[in-house]
2 protein chains.
Amino acid sequence: MARPRSDIKPSAIIAGATRVIASQGLSASTAAIAKESGVSNGSLFTYFETKADLLNKLYVELKTEMAEATLEGLTDDRDLREQALRVWSQWLNWATSYPEKRRTLALLNVSDDITAESQQTASRAMTEVRKLLNRVSENGPMRDTPLEFRLSLMNGVAEATIQFMIHDPADADTHCTAGFEAFWRMTV
Amino acid sequence: MARPRSDIKPSAIIAGATRVIASQGLSASTAAIAKESGVSNGSLFTYFETKADLLNKLYVELKTEMAEATLEGLTDDRDLREQALRVWSQWLNWATSYPEKRRTLALLNVSDDITAESQQTASRAMTEVRKLLNRVSENGPMRDTPLEFRLSLMNGVAEATIQFMIHDPADADTHCTAGFEAFWRMTV
DNA sequence: AATTAATGACTGACTGGACAATCATTTAAG
DNA sequence: CTTAAATGATTGTCCAGTCAGTCATTAATT
């Protein structure tokens, strides 16, 4: 009976926040985010209760999008190494193709107003990656370490590789492959 | 002829800032830092021109301290692997022994008011580590990648290991060794 | 079909609080 | 007695979140 909520604005705000935070950091003002999103600063608060709420939703959104890009087209009827390489490439490709999303996500990863709940939701999106890593490494030299540790190491190598790909884009593909080989030697 | 500057206060402020920033993040107020350091908020600005200046000095101080702890007692008359393991252990041991310093340093590492100059000063403190890594990896599978890339990967694996050691302190030593072995397989 | 009532989204000026940095005084050292 | 450090109250700025008024949409009534 009343004016319905826009289904455009929430996603416009999410997109605007991604851009503004990528360039200004997490201290970007809600006013700046609203302006970039083409929305009044008042409206921002009809779709997101607080700034922290916006940051949490943004975090889950970006992480989910990353996970989907990473897992796209994955089938388990192939060689394990081939599957792992595909996931790896798609992961790093997403990160370097959307530098603003990747930078904002990196900032949110170390922010303290991301709740444990949001982190849990986000990590659920990565379940398939975890499973694949387990299959890949279950007979390797790290078989006796916690899977979480192996995941953490893989993440560390991937992040380092991404950073270097961004820093030296001309040879991005070479670095991507070299990063995968390093991960594989380490794990399998 | 005038009242001399205290040689205690600057270091007290550095130490206080480390503690407050570890617990409150980089947005900790200068007033809170001054209070924690036992100094009036006015005095903080007689020793550090601006908050950014304080953060830069703090960054260089912590990074230098970390480098010194990492390199302590290193001699090049031994087996390369032994040297590398020693450096690795001392690095990770420092990081887990001083969680506040490590957390504050981690925050400063991604802050945008750390100048390029500070980063350069800090990285100069790590020259010996770079040299050692080069000797360790110059005949390994990554010999054709940029040394900076190898350094970035080593850093990634070390950070991941540190995080996991902090997360599961009971088995810290095991994780430290497992991390080193992973690094070694990857690099050598 | 035309009119009106009800609802809640939209807007941007505004508020209250927090913070970095300053400054007038006071204190201590040479 | 001179100089500069020490102090904490103060200042100007910025920002998250609020709010009173406006406007778009739908449902009910004629």
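The chains referred to below are lettered A, B, ... by the order of the sequence lines, with proteins before strands, and numbering in each begins at 1.
Near DNA chain C, defined here as any heavy-atom distance below 4.0 Å, there are no residues from residues 10-25 of chain A. Residues of residues 30-43 of chain A that place a heavy atom closer than 4.0 Å to DNA chain C, in numerical order, are Ser40(A), Asn41(A), Gly42(A), Ser43(A). Of the residues in residues 44-51 of chain A, those with a non-hydrogen atom less than 4.0 angstrom from any atom of DNA chain D are Phe45(A), Thr50(A), Lys51(A).
The two residues Trp184(A) and Ala84(A) make their nearest non-hydrogen contact at CZ3-CB, 3.8 Å.
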Identify each donor-acceptor pair in which a side-chain atom of residues 23-33 of chain A lies under 3.5 Å from a protein atom, sequence neighbours left out, and give them as a table.
unit_1, atom_1, unit_2, atom_2, d
Ser23(A), OG, Val20(A), O, 3.4
Ser29(A), OG, Ala32(A), N, 3.0

Name the atoms and distances for all side-chain donor-acceptor pairs under 3.5 Å in residues 120-127 of chain B, with sequence neighbours left out.
unit_1, atom_1, unit_2, atom_2, d
Thr121(B), OG1, Glu117(B), O, 3.0
Ser123(B), OG, Gln120(B), O, 3.3
Thr127(B), OG1, Arg124(B), O, 2.6

Distance-only donor-acceptor pairs under 3.5 Å for side chains of residues 165-179 of chain A, two or more places apart:
unit_1, atom_1, unit_2, atom_2, d
Asp168(A), OD2, His175(A), NE2, 2.8
Thr177(A), OG1, Asp173(A), O, 3.1

Anything under 3.5 Å between a donor and an acceptor, one on a side chain of residues 132-143 of chain A, the other on a protein residue two or more places apart or in another chain? List them.
unit_1, atom_1, unit_2, atom_2, d
Ser137(A), OG, Leu133(A), O, 2.8
Ser137(A), OG, Arg150(A), NH1, 2.8
Arg143(A), NE, Gly140(A), O, 3.2

Tabulate below the donor-acceptor pairs under 3.5 Å that side-chain atoms of residues 55-63 of chain A make, not counting sequence neighbours, or state none.
unit_1, atom_1, unit_2, atom_2, d
Asn56(A), OD1, Thr115(A), N, 3.0
Asn56(A), OD1, Thr115(A), OG1, 3.4
Asn56(A), OD1, Ser118(A), OG, 2.6
Asn56(A), ND2, Ala52(A), O, 2.9
Asn56(A), ND2, Asp113(A), O, 2.7
Lys57(A), NZ, Asp53(A), OD1, 3.1
Lys57(A), NZ, Asp53(A), OD2, 3.2
Lys63(A), NZ, Asn109(A), OD1, 3.4

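Lys9(B) has no side-chain polar atom (N or O) that falls below the 4.0 Å cut-off from OP1 or OP2 of dA5(D). Distances shorter than 4.0 Å separate some side-chain N or O of Arg5(A) from OP1 or OP2 on dA9(C).
Nucleotide dA9(C) holds its C1' atom 15 Å from the CD1 atom of Ile8(A), rounded to whole Å.
With sequence neighbours excluded, no residue forms a ring-ring contact (aromatic ring centres under 6.0 Å, His included) with Trp91(B). Taking the side chain to side chain donor-acceptor pair (under 3.5 Å) definition, one finds that Glu49(B) meets it with nothing, sequence neighbours left out.
Under the ring pair (Phe, Tyr, Trp, His ring centres under 6.0 Å) criterion, no residue pair touches residues 107-136 of chain A, with sequence neighbours excluded. For the ring pair (Phe, Tyr, Trp, His ring centres under 6.0 Å) condition, no pair includes a residue of residues 99-133 of chain B, sequence neighbours left out.
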